[in-house]
Participant: 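Can you keep this structure in mind? I'll have questions shortly.
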Amino acid sequence: MKVNILDKVGKIRVIFVQFHNSFWMFKKIKLVLFLSLFLVNFPITAKAIPIGPIKNLFIEVFEKAPTFFDDLFKGGKKADEVITNNTSKNLDELGAAIKDQEIIFKKVSKKTHNLHLEETLNKSNEEIGLKHGVKVVKTGAKEIGKNSDNLIDLFDFDFLMDDKEFLLSPYILKNWTGRVYQASKYFNKPKLDDKMLLVCKNDNEIFYFTILLNNKDDINRAYLTNYKFIKTYTKKFPRQELLVLHDEDKLKIMSTKPYTADVYPSDYFIIYENQFFKHAKYDDPKKIIENSKKIRLQKEFSDKCYKAKKNGIIY
C-alpha cells in the first residue's frame with residue numbers, strides 16, 4: 001500500500017496543535033523532538049513516496065522552527081492554521097519537484113545528469129570552455145573586460161564584426177555577477193556556489209546550464225550544456241557559450257550568439273528569482289527585456305529551474 005501522506009500530515013497537525021496548546025513555553029525544543037520521533041517511526045513502503053524528499057521537508061521545518069513560532073505568537077495566528085498553510089504549500093512544491101525530476105531522468109538519464117554535474121564542479125574553467133565549443137580560451141579576460149570595449153577579445157563569434165555594426169553589442173554584459181542567484185532564497189540553498197549546474201524545464205523542453213561565477217582570471221561565464229525535447233522535436237541545441245544580456249535581482253536573461261553581426265539571437269533564456277523559467281525566440285532584445293520585467297511572477301508554475309545535485313535536483 002502507498003503511504004497516504006495527507007492523512008499523516010493531518011495527524012501531525014492535530015497532535016502538534018495539542019502539543020502547542022499544552023506546552024507552548026517549550027515550543028522550539030519540543031517541536032524538534034516531536035518531529036524527530038515521528039520521522040524515525042514514519043512507515044514507508046517500497047512503493048511509497050521516496051523517503052529522501054520527506055526527510056528534506058522535515059529538515060526544512062527544523063531550520064525554520066524559530067521563525068515559525070515568532071510569526072505564530074506575534075501575529076496571534078492559530079497554530080493549526082499556520083501548520084496547514086505551510087504544510088500544504090511545501091507538499092505541493094515537493095510533489096511538483098519529484099514529478100519534474102522523474103521527467104528529467106526519463107529523458108536525460110541519471111548517469112548523464114551526474115556526468116554534467118561532475119564536469120561542472122571538477123573540471124577547470126578552461127576545460128569547461130573547450131567542451132562548450134569555445135575555440136580560444138581567453139587568458140586574463142577579467143582584466144581585458146575592464147580595459148577593452150571590443151567584445152571579440154572576450155567571446156568567440158563565428159563571424160568577423162565591427163562593434164559599431166554589431167546589433168547585439170549594446171546589450172551584452174561583460175562583467176555580470178549573477179545577481180538573481182544572490183538574491184534568490186532558492187539559488188542560495190544550501191549556499192551560493194561559484195559553480196552551478198542548473199536544470200530548467202518547460203512543458204516540452206529540458207535545458208542544462210553551466211554557470212561559472214567569481215572566476216579568478218576570467219569573466220563569469222554561462223554555457224548551454226544539454227538539451228532534450230519532451231514531446232515534440234523543435235531543433236538541435238549543441239553545447240555552446242551563452243551571452244548574458246540582463247542581470248538583476250529579479251531576473252537574468254541569457255541568449256545564444258547571433259549567426260551574423262546584423263541579426264539578433266534566435267533564442268533567449270530567462271531565469272527568475274523564484275525559479276520561474278522562460279524560453280523565448282526570435283525577438284528584439286529590448287522587447288525581451290521589457291516583456292520579461294512585466295511578467296507577473298506566478299506562485300504556481302510548471303516552467304522551472306532547479307539546482308542540480310548528485311542523483312537529483314535540490315527541492
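Atoms considered below: every heavy atom in the structure, side chains included; atoms not considered: hydrogens, waters and symmetry mates. Sequential numbering from 1 along the given sequence is applied to the chain's residues. In this text, all values refer to a predicted model and were calculated from it rather than measured experimentally.
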Participant: If you count heavy atoms of other groups shown closer than 6.0 angstrom to NZ of Lys257, is the number above 12?
Facilitator: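 Yes, NZ of Lys257 has more than 12 neighbouring heavy atoms, counting only those of other groups under 6.0 Å.
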
Participant: Cation-pi check, Lys107 to Phe229: give yes when NZ or CZ is under 6.0 Å from the six-membered ring centre and within 45° of the ring axis, no otherwise.
Facilitator: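 Yes; both conditions hold, so Lys107 lies above the ring face of Phe229.
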
Participant: Do Arg221 and Ile128 have side chains that approach each other closer than 4.5 Å (heavy atoms only, starting at C-beta)?
Facilitator: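 A side-chain contact is absent here, since even the closest heavy-atom pair is not under 4.5 Å.
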
Participant: Is a side-chain N or O of Gln240 found less than 3.5 angstrom from the main chain of Pro238, in a donor-acceptor match?
Facilitator: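 Indeed, once roles are kept as given, a pair shorter than 3.5 Å links the two residues.
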
Participant: Heavy atoms only: give me the nearest Thr177-Asn220 pair and the separation to one decimal.
Facilitator: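 Where Thr177 meets Asn220 most closely, the heavy atoms are CA-ND2, 3.8 Å.
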
Participant: Are the side chains of Tyr223 and Val134 in contact, using a 4.5 Å heavy-atom criterion?
Facilitator: yes

Participant: Is any side-chain heavy atom of His246 closer than 4.5 Å to one of Ile270?
Facilitator: no

Participant: So Phe269 and His279, would you call those rings parallel, tilted or perpendicular, with 30° and 60° as cut-offs?
Facilitator: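 Ring orientation, 0 to 90° scale: parallel.
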
Participant: Asn202 side chain to Glu205 main-chain N or O, any donor-acceptor pair under 3.5 Å?
Facilitator: yes

Participant: Measuring from atom NZ of Lys191 to atom CG of Asn188, what distance do you get when rounded to the nearest 0.5 angstrom?
Facilitator: 10.5 Å

Participant: Would you say the side-chain atoms of Tyr306 and Asp100 include a donor-acceptor pair closer than 3.5 Å?
Facilitator: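 Indeed, the side chains of Tyr306 and Asp100 share at least one donor-acceptor pair under 3.5 Å.
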
Participant: Quick one: CZ on Phe157 to OH on Tyr259, what's the gap to the nearest 0.5 Å?
Facilitator: 14.0 Å

Participant: State whether Lys252 and Asp247 are salt-bridged, where the test is any N-O pair (Lys NZ or Arg NE/NH1/NH2 against Asp/Glu carboxylate O) under 4.0 Å.
Facilitator: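 Looking at Lys252 and Asp247, the cut-off is not met.
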
Participant: Return the minimal non-hydrogen interatomic distance between Ala97 and Ile313, and the atom names on each side.
Facilitator: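 Answer, listing the atom of Ala97 first, then Ile313: O-CD1, 3.7 Å.
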
Participant: Report the distance from atom CH2 of Trp176 to atom CG of Leu245, rounding to the nearest 0.5 Å.
Facilitator: 11.5 Å

Participant: Of all heavy-atom pairs between Leu251 and Ser292, which one has the smallest distance, and what is that distance?
Facilitator: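 For Leu251 and Ser292, the tightest heavy-atom pair comes out as CD2-O, 3.8 Å.
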
Participant: Answer with yes or no whether the hydrophobic clustering places Ile288 together with Tyr282; edges join I, L, V, M, F, W, Y residues whose side-chain heavy atoms lie under 4.5 Å apart.
Facilitator: no

Participant: Do Thr225 and His132 make a side-chain contact, defined as non-hydrogen atoms from C-beta onward lying under 4.5 Å apart?
Facilitator: yes

Participant: Could you give the distance from CG (Asp194) to CG (Leu192), rounded to the nearest 0.5 Å?
Facilitator: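 Atom-to-atom, Asp194:CG and Leu192:CG are 7.0 Å apart.
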
Participant: Of the non-hydrogen atoms in Val108 and His113, which two are nearest, and what is the gap between them?
Facilitator: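 Where Val108 meets His113 most closely, the heavy atoms are CG1-N, 4.3 Å.
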
Participant: Looking only at heavy atoms, which two atoms of Lys131 and Arg239 are closest? And how far apart?
Facilitator: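 Looking at all heavy atoms of both residues, the closest pair is O-CD, 3.4 Å.
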
Participant: In sequence, state the C-alpha distance, the side-chain angles, and the governing distance for Asp193 and Lys307, and then conclude on side chain to side chain contact (heavy atoms under 4.5 Å, CB included).
Facilitator: CA-CA 10 Å; Asp193 299 302; Lys307 283 179 70 173; 3.0 Å; yes

Participant: Evaluate the criterion side chain to side chain contact (heavy atoms under 4.5 Å, CB included) for residue pair Val199 and Gln101; output intermediate values, then yes/no.
Facilitator: CA-CA 10 Å; Val199 190; Gln101 181 173 283; over 6 Å; no

Participant: Give a yes or no on whether a salt bridge exists between Glu273 and Lys250, defined as a side-chain N under 4.0 angstrom from a carboxylate O.
Facilitator: yes

Participant: Can Lys309 be said to sit on top of Tyr315's aromatic six-ring, NZ or CZ under 6.0 Å from centre and within 45° of the ring axis?
Facilitator: yes

Participant: Below 4.5 Å, heavy atoms only, C-beta onward: do Asp262 and Phe159 meet side chain to side chain?
Facilitator: no

Participant: Indicate if Val263 and Leu151 have the same hydrophobic cluster label, given that clusters are the connected sets of ILVMFWY residues with side-chain heavy-atom separations under 4.5 angstrom.
Facilitator: no

Participant: Within the structure provided, determine whether Pro190 and Ile314 are in side-chain contact (heavy-atom separation under 4.5 Å).
Facilitator: yes

Participant: Would you say Leu115 and Leu117 are hydrophobically clustered, going by side-chain heavy atoms of ILVMFWY under 4.5 Å?
Facilitator: no

Participant: What distance do Tyr208 atom OH and Ile104 atom CD1 have between them, rounded to the nearest 0.5 Å?
Facilitator: 5.5 Å

Participant: Looking at OH of Tyr181 and CD1 of Ile211, how far apart are the two atoms once the value is rounded to the nearest 0.5 Å?
Facilitator: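 The CD1 atom of Ile211 is 3.5 Å from OH of Tyr181, to the nearest 0.5 Å.
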
Participant: Measure across Tyr233 and Lys236 and return the closest heavy-atom pair with its distance rounded to 0.1 Å.
Facilitator: OH-N, 3.3 Å

Participant: Less than 4.5 Å apart, any side-chain heavy atom of Leu224 and any of Phe209?
Facilitator: yes

Participant: Set out, in order, the CA-CA distance, both residues' side-chain angles and the distance that settles side chain to side chain contact (heavy atoms under 4.5 Å, CB included) for Ile219 and Phe155, then state yes or no.
Facilitator: CA-CA 10 Å; Ile219 61 173; Phe155 304 100; 3.8 Å; yes

Participant: Is it true that atom NZ of Lys231 has more than 12 heavy atoms of other residues, nucleotides or ligands lying nearer than 6.0 Å?
Facilitator: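 Check fails, neighbour count at 12 or below.
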
Participant: For Leu242 and Val244, run side chain to side chain contact (heavy atoms under 4.5 Å, CB included): C-alpha distance rounded to whole Å, both residues' side-chain angles, the deciding distance at 0.1 Å, then the answer.
Facilitator: CA-CA 7 Å; Leu242 300 176; Val244 175; over 6 Å; no

Participant: Can you confirm whether Ser255 sits close enough to Tyr264 that some side-chain heavy atom of one is under 4.5 Å from a side-chain heavy atom of the other?
Facilitator: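 SC-SC contact between Ser255 and Tyr264 ruled out.
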
